[in-house]
2 protein chains.
Amino acid sequence: MDERDKQLTHKRGFGVSTVYETLRNEIIELKLAPGSAIDEQQLSDRFALSRTPIREALVRLAAEGLIMTLTNRATIVSNIDFLRLSEFFDALTLMYRVTTRLAAANHTPDDIEKIRSLQKAFEEAVDRRDVLGMISTNRDFHVAIAQAGRNRYYVELFTRLLDEGRRILRLYYSSFNDVLPRQYVGEHEDMIQAIINRDLLQADALASAHADQIVSQIRSYISADSRQSGDLSL
Amino acid sequence: MDERDKQLTHKRGFGVSTVYETLRNEIIELKLAPGSAIDEQQLSDRFALSRTPIREALVRLAAEGLIMTLTNRATIVSNIDFLRLSEFFDALTLMYRVTTRLAAANHTPDDIEKIRSLQKAFEEAVDRRDVLGMISTNRDFHVAIAQAGRNRYYVELFTRLLDEGRRILRLYYSSFNDVLPRQYVGEHEDMIQAIINRDLLQADALASAHADQIVSQIRSYISADSRQSGDLSL
DNA sequence: GATCACACTTTTGTCGACAAAAAAAATACA
DNA sequence: TGTATTTTTTTTGTCGACAAAAGTGTGATC
């Protein structure tokens, strides 16, 4: 496939992680469609590696839930489970809250600097009307807040949820409008201020509202979309 | 090593999962000491499998954080990080709360039956003064509650945290006394009742108190222990 | 006696091959 | 024509081998 991938992986031990990261990105960016089959042989050719390191990368992805591997049968990219979306939203909202709250409690000056620069990147993406950029810089912004909170369990789960969110948003990003992202920039600013002030309650409240905002936005995209497909199926 | 392990894994595809589950248990039960090195060759002999399936099992364990694999160097059983214990307690407490709360909201009659039977198993372990049994049945009890809550993200994180807790408790289980386990039985009963009544606030409050109870118990064991080793280092 | 360089051993990451299992294709039969 | 059965092809799980790193031991040098 992509010739750039080849020959980049010829230092021992870098093979698996390169394959892992490449595939991970492609799954999150929907370059690999949910439900589509993954061919080990094909990947083996593409990365110029034998099937052994490819398989180890796939095992890692499976452990993260990004792919599903049916024993002795094909392995496929995980589907986005619209029936269980409320579980996702519930966990996402909770993680927004606890990470922002903890960031208010535990941040250092370095953390603030990093958060600020990522917020700036988000703002620039909004100015450019670069929807894909908005999605990924928004994710980075919140991961940085989580890291400032200093709880690896939350960071890990939140990262997973945000990346799953990226997949969902990519499905609907065409319908992004201009008003909401502007509003998010403001909400982010307020959150940063609450974190700096070490105001846990305010940080929690803002994160909660921010999460609700995003959740209802995604919900509206989905229901609008299912109305369309509902029409088609009549 | 253990001859029972051999030849049990001779159906295609069962190799990795058998190795994975066996090692996972041994790590959690501290049969494999934290920090000790893992020898692929040795495991290969023990399970009568080649190194390839062994490695895939190790990759899975690494993804779960139970082992650490340093590239081109040895892989070791993860250490228990006493410096970051507060992160662990914080996440554990939060998961106790949200899973119990969700169980109150979403449980079915089948869930209650399962939770009840596991609570009975816990009670019996307490009656037998079987500390190891108490640790594992307590874990199963709370996992069942989490499953009744129907949020796979919480179930996964909570399971991981409870199993990490099993490791820590095993370090100190000699100092278990009789009073607290009795108290836990009562607290469990109250939690079941709150869940049945679909009283979310009560479920949350009980879970919160229960978590605090357990956390402070573990904390007291650890500080008692570090006082001892503090004496030794003088 | 301690430090360094070099040979040697062990361990890890990767490879190509092969057999079991599933999927697909071909055939037989109603 | 449609279904059941056999054969062929593809794919997956496992194996033994080998080369690159890292670890270990030995001797030389100061």
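Just so we're clear, the structure is a prediction, and the values are computed from it rather than from any experiment. A note on names: the letters A, B, ... follow the listed sequences, proteins ahead of strands, and every chain is numbered from 1.
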Which residues pass the ring-ring contact (aromatic ring centres under 6.0 Å, His included) test with B/Tyr96, sequence neighbours left out?
-> B/His142, B/Phe158, B/His210
Would you mind reading off the distance between B/Ile76 atom CD1 and C/dT12 atom P, rounded to a whole angstrom?
-> 12 Å
Go through the side-chain N and O atoms of A/Asp140 and A/Thr137 and say whether any donor and acceptor fall under 3.5 Å apart.
->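 No - no donor-acceptor pair under 3.5 Å links their side chains.
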Please list, chain by chain and in numerical order, all residues satisfying side chain to side chain donor-acceptor pair (under 3.5 Å) with A/Glu156, sequence neighbours excluded.
->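 Residues passing side chain to side chain donor-acceptor pair (under 3.5 Å) with A/Glu156: B/Arg160.
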For A/Ser216, enumerate each residue passing the side-chain contact (heavy atoms from CB on, under 4.5 Å) test, keeping only those at least two apart in sequence or located in another chain.
->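 Counting only residues at least two positions away or on another chain, A/Ser216 forms no side-chain contact (heavy atoms from CB on, under 4.5 Å).
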Residues which pass side chain to side chain donor-acceptor pair (under 3.5 Å) with A/Arg101, listed by chain and number, not counting sequence neighbours |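 Residues passing side chain to side chain donor-acceptor pair (under 3.5 Å) with A/Arg101: A/Asp204.
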For B/Leu58 and C/dT11, what is the distance between atoms CG and P respectively, to the nearest whole Å?
->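 Those two atoms, CG and P, are 15 Å apart.
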Salt bridge (Lys or Arg N to Asp or Glu O under 4.0 Å) partners for B/Glu40, two or more places apart |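 Result, salt bridge (Lys or Arg N to Asp or Glu O under 4.0 Å) vs B/Glu40: B/Arg51, B/Arg55.
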Do any pairs count as a salt bridge (Lys or Arg N to Asp or Glu O under 4.0 Å) and have a residue in residues 57-76 of chain A, sequence neighbours left out, and if so which ones?
->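 Every pair satisfying salt bridge (Lys or Arg N to Asp or Glu O under 4.0 Å) with a residue in residues 57-76 of chain A: A/Arg24-A/Glu64.
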Not counting sequence neighbours, which residues clear salt bridge (Lys or Arg N to Asp or Glu O under 4.0 Å) with B/Lys31? List them please.
->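 Salt bridge (Lys or Arg N to Asp or Glu O under 4.0 Å) list for B/Lys31, sorted by chain: B/Glu29.
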If a protein heavy atom is under 4.0 Å from the base, mark B; if only from the sugar-phosphate, S; if neither, -; do that for nucleotides 16-22 of chain C going 5' to 3'.
-> BB-BBSS
Figure out the CZ/P separation between B/Phe14 and D/dT14, and round it to whole Å.
->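 B/Phe14 atom CZ is separated from D/dT14 atom P by 11 Å.
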To the nearest angstrom, how far is A/Asp45 atom CG from D/dT11 atom P?
->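 Going from A/Asp45 (CG) to D/dT11 (P), I get 11 Å.
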Contact check, residues 32-41 of chain B vs DNA chain C, heavy-atom distance under 4.0 Å, returns none
Protein-nucleotide distance (A/Gln42, atom CD; D/dT10, atom P), rounded to Å |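 Atom CD in A/Gln42 sits about 15 Å away from atom P in D/dT10.
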